[in-house]
Protein chains: 2
Amino acid sequence: MTKPASDQNHTLTLRDVSEASGVSEMTVSRVLRNRGDVSAATRAKVLEASRALGYVPNKIAGALASQRVNLVGVVIPSLSNMVFPEVMTGISETLEGTGLQPVVGVSNYLPDKEESVIYEMLSWRPSGMIIAGLEHTPAAHVMLARAGIPIVEIMDIDGDPIDHAVGISHRRAGRQMAEAIVAAGYRRIAFLGTQMPNDFRAKKRLEGFEETLGRAGLTLVDREFYSGGSALLKGREMTAAVLSRTPETDFLYYSNDMIGAGGLLYCLDESLDVPNKIGLAGFNGVELLDGLPCKLATMDACRLEIGRRAAEIISGTPVTTKVSEFTPKLQFGDTIRTR
Amino acid sequence: MTKPASDQNHTLTLRDVSEASGVSEMTVSRVLRNRGDVSAATRAKVLEASRALGYVPNKIAGALASQRVNLVGVVIPSLSNMVFPEVMTGISETLEGTGLQPVVGVSNYLPDKEESVIYEMLSWRPSGMIIAGLEHTPAAHVMLARAGIPIVEIMDIDGDPIDHAVGISHRRAGRQMAEAIVAAGYRRIAFLGTQMPNDFRAKKRLEGFEETLGRAGLTLVDREFYSGGSALLKGREMTAAVLSRTPETDFLYYSNDMIGAGGLLYCLDESLDVPNKIGLAGFNGVELLDGLPCKLATMDACRLEIGRRAAEIISGTPVTTKVSEFTPKLQFGDTIRTR
DNA sequence: ATCTGTTATGATAGCGCTAACAGTCCCAAT
DNA sequence: ATTGGGACTGTTAGCGCTATCATAACAGAT
């Protein structure tokens with residue numbers, strides 16, 4: 001009723017196109033994939049028929065027959081902070097033109113969820129997998145190791161990669177930030193971060209941070225965690241909490257830029273003397289925040305580069321080392337005093 | 001000769017599990033899918049063998065045989081603004097437990113890219129498609145209409161849906177905001193937005209906005225567009241530009257909250273009298289910004305609800321109408337004067 | 001005229017799974 | 001004893017493609 005004569009409501013197959021154009025299915029297949037020799041006349045005939053019918057090839061059948069799937073699984077913990085979209089941009093950018101297509105799965109920082117996402121993805125037999133982090137359930141680890149495809153674990157390099165790792169050393173990043181803070185003369189340092197037992201990278205940064213503090217004979221004077229809600233707002237609240245509980249604090253180290261920005265706005269509202277009486281630093285280098293009245297000290301996590309490199313490895317660029325380390329740059333901004 | 005007992009590097013199939021557990025492939029398949037009657041003893045045997053081998057089913061073959069694919073294609077223009085991740089959250093949330101799995105594709109606001117993403121997705125024969133917007137290339141339109149699966153176009157309802165539409169009326173949203181602004185007594189209104197010829201929703205909002213202005217005998221006193229870069233920063237710059245070019249401006253209407261927030265920060269820096277001498281409004285209701293010193297007037301785009309409803313439709317919740325409209329709530333915040 | 005070699009097309013046999021049906025076994029009900 | 005039916009397991013035949021080999025047609029080289 002909706003459609004004119006020729007089309008049944010059945011979904012089209014190669015056979016339909018082959019009948020419509022008077023050649024074998026094989027030839028149609030060759031035309032549509034641009035593979036093998038087909039005369040110009042035949043090619044034109046087939047393309048026209050295919051277009052006229054509105055044929056969409058069935059990749060499921062194609063993949064099964066050819067044992068080739070042009071998909072790359074990408075497993076990340078979240079889409080709602082600013083960091084992973086940028087990694088995705090790097091991946092997409094690089095995959096563009098290789099014929100490979102990224103497919104995103106989100107684990108919400110839950111190892112079991114990650115395992116099931118990985119399982120689900122592997123069951124589609126992708127050509128490669130890109131996964132955030134080096135920590136996975138044992139089952140996930142085994143599946144990945146057995147999959148027989150390139151695996152790239154991204155963001156972090158502090159640990160043993162299954163196949164390849166591309167990222168930065170978060171422990172080192174934490175140490176480096178601590179060194180800068182201590183060198184700037186701050187002594188009563190507090191940490192404010194997410195309450196996420198499974199954010200291993202934030203944890204490693206804090207470890208590195210405390211390690212360096214320890215070597216300088218310092219310990220954190222306070223710490224505060226949150227979960228959920230608007231990061232900017234939480235940053236304000238946490239900062240208020242820390243400063244009222246531990247008024248002598250002279251530096252606030254945040255586990256990410258969003259809460260750091262919230263804290264910064266709070267400090268400015270309260271007319272605190274930033275960065276002289278109190279300093280702040282975050283992590284990530286989110287460009288998003290560039291318009292703030294005052295620039296938060298942070299460390300770039302090399303997200304774009306990580307995405308690019310991971311995609312390169314998946315798409316077959318030869319690599320000599322299992323681990324590709326990027327070096328985050330510390331940006332002092334306006335919230336660490338320089339003396 | 002070909003394979004010793006267990007470990008070649010070949011990828012496992014049902015046959016391997018079937019041999020390892022001494023039952024037919026069919027029985028293994030039944031166990032792994034939890035379908036049909038299998039004795040507890042057999043089930044245990046099979047599960048153990050499967051686990052021991054590290055078997056991951058091949059969904060490609062499964063899908064081809066069963067003509068069922070548990071995938072839902074989701075096509076959105078971008079991941080890097082705050083709006084689509086929230087829609088995704090609504091979708092994932094609702095799909096959870098239905099056995100359906102979202103697969104995301106990004107079109108970058110490019111119609112041709114959108115078409116190719118749609119084509120790519122349809123070739124995997126998903127159970128449904130969710131697509132942002134009502135505007136597509138003719139080819140994409142035909143493919144979707146022919147696909148024989150539920151199609152839900154989201155975000156916008158000002159137009160003709162292929163199958164279902166779930167969203168808000170952006171034209172109406174624009175009108176409503178204009179009414180509020182005019183009612184508050186602002187008269188010299190400027191628009192600041194993205195330079196995106198293909199952001200049809202932003203365009204519709206502006207149309208509705210100008211329409212209402214027109215009815216009140218007003219026209220925009222200035223307009224400014226941008227593309228790329230940090231939205232917050234751009235908001236500042238554009239606002240500075242407008243206010244220096246058209247100093248009599250008494251209201252700034254932004255096409256999104258991020259640039260609006262940038263503008264707001266600029267006004268506060270300049271100690272302008274917000275909302276009395278100058279008012280501001282954005283669009284989207286991004287929770288992200290909750291921590292700002294002053295609350296920007298905005299309109300919630302019902303992102304979460306849209307995602308949920310779209311997923312419900314895909315997963316088979318009966319619907320009576322082709323179009324599900326949500327009503328965005330205008331939040332006055334602190335940047336529109338109430339008199 | 002015969003033998004290559006090249007280009008264009010078709011026929012056949014699966015890829016790894018599941019739908020649909022066909023048993024088989026066992027026990028309760030006749 | 002016979003029957004019927006439920007519980008369980010196996011057999012067969014594809015799903016819609018593509019790899020591979022076979023075939024056909026014909027150019028030029030021998």
Side-chain angles (χ1 to χ4, degrees), chain A residues 8 10-47 49-50 53 55-71 99 120 122-127 147-148, chain B residues 2-3 8 10-47 49-50 53 55-71 99 120 122-127 147-148:
Chain A
Q8 296 286 359
H10 87 121
T11 46
L12 299 166
T13 71
L14 267 192
R15 156 154 253 97
D16 297 292
V17 183
S18 116
E19 280 168 1
S21 51
V23 298
S24 72
E25 299 179 34
M26 197 58 230
T27 301
V28 176
S29 166
R30 279 195 271 252
V31 170
L32 296 176
R33 286 178 301 146
N34 256 311
R35 213 157 298 245
D37 299 312
V38 181
S39 73
T42 310
R43 150 166 281 111
K45 221 170 27 180
V46 169
L47 283 178
S50 163
L53 292 172
Y55 172 69
V56 177
N58 185 330
K59 287 226 178 183
I60 296 178
L64 184 60
S66 67
Q67 304 283 59
R68 250 183 277 111
V69 179
N70 70 336
L71 264 26
E120 198 70 19
L122 285 180
S123 74
W124 287 99
R125 301 289 188 266
S127 300
Chain B
T2 21
K3 38 191 143 153
Q8 284 289 5
H10 87 122
T11 44
L12 298 166
T13 72
L14 267 193
R15 156 154 250 98
D16 296 292
V17 183
S18 118
E19 279 169 3
S21 52
V23 299
S24 73
E25 299 177 34
M26 196 59 230
T27 300
V28 176
S29 167
R30 280 197 269 255
V31 170
L32 265 23
R33 286 178 302 147
N34 255 310
R35 210 157 298 238
D37 299 311
V38 179
S39 73
T42 309
R43 153 165 278 109
K45 218 165 39 174
V46 169
L47 284 178
S50 163
L53 292 172
Y55 173 69
V56 177
N58 185 331
K59 287 228 177 181
I60 294 177
L64 183 60
S66 67
Q67 303 284 61
R68 252 184 276 109
V69 179
N70 70 336
L71 263 25
E120 198 71 19
L122 285 180
S123 74
W124 287 99
R125 300 290 187 267
S127 299

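Everything numeric in this text was worked out from a predicted model, so none of it was measured. In what follows, chains are A, B, ... by sequence order, proteins preceding strands, each numbered from 1.
- Side chain of B/S66 to main chain of B/G62: a donor-acceptor pair is present (N/O by atom type, distance under 3.5 Å, no hydrogens or angles).
- When each of A/V56 and B/E25 is assigned the nucleotide of DNA chain D with its nearest heavy atom, B/E25 is the one assigned upstream, toward the 5' end.
- Of the side-chain N and O atoms in B/Q67, none sit less than 4.0 angstrom from OP1 or OP2 of C/dC17.
- Comparing D/dG16, D/dT18, D/dT9 against the side chain of A/L14 picks out D/dT18 as the nearest.
- In terms of modelled atom types and a separation under 3.5 Å, the side chain of B/S123 and the main chain of A/N58 share no donor-acceptor contact.
- Which of C/dT18, D/dC17, D/dT9 sits closest to the side chain of B/T27 comes down to D/dT9.
- OP1 or OP2 of C/dC17 has at least one side-chain nitrogen or oxygen of B/Y55 nearer than 4.0 Å.
- Summarising the geometry, the separation between CZ on A/R15 and P on D/dG16 is reported as 11 Å, rounded to the nearest angstrom.
- Counting heavy atoms from C-beta outward, B/E25 and B/T13 have side chains that stay 4.5 Å or more apart.
- We find that CZ of B/R30 is positioned 8 Å from C1' of D/dG10, with the value rounded to whole Å.
- Spacing between atom CG of A/N70 and atom C1' of D/dT18 amounts to 15 Å, rounded to whole angstrom units.
- Shown here is A/R33, whose CZ atom has more than 12 heavy atoms of other residues, nucleotides or ligands within 6.0 Å.
- Applying the 3.5 Å distance criterion, the base of D/dG16 shares no donor-acceptor pair with the side chain of B/R125.
- Out of D/dT18, C/dA19, C/dG10, the shortest distance to the side chain of A/V23 is found at C/dG10.
- In this structure, B/S127 contributes its side chain and B/V69 its backbone to a donor-acceptor pair below 3.5 Å.
- Heavy-atom distances under 4.0 Å link DNA chain D to A/R33 of residues 31-42 of chain A, given in residue order.
- In this structure, B/R68 does not reach the C/dC17 phosphate: none of its side-chain N or O atoms is under 4.0 Å from OP1 or OP2.
- Comparing D/dG16, C/dC17, C/dA20 against the side chain of A/N58 picks out D/dG16 as the nearest.
- Here CD of A/Q67 is found 8.0 Å from CD1 of B/I60. Values are rounded to the nearest 0.5 Å.
- Taking side-chain N and O atoms only, B/S29 has a distance below 4.0 Å to OP1 or OP2 of C/dT18.
- At least one side-chain nitrogen or oxygen of B/S24 sits closer than 4.0 Å to the OP1 or OP2 atom of D/dG10.
- Here the side chain of A/S21 pairs a donor or acceptor atom with the backbone of A/V17 at under 3.5 angstrom.
- When distances are taken from the side chain of A/M26 to each of D/dG10, C/dA11, D/dC17, the shortest belongs to C/dA11.
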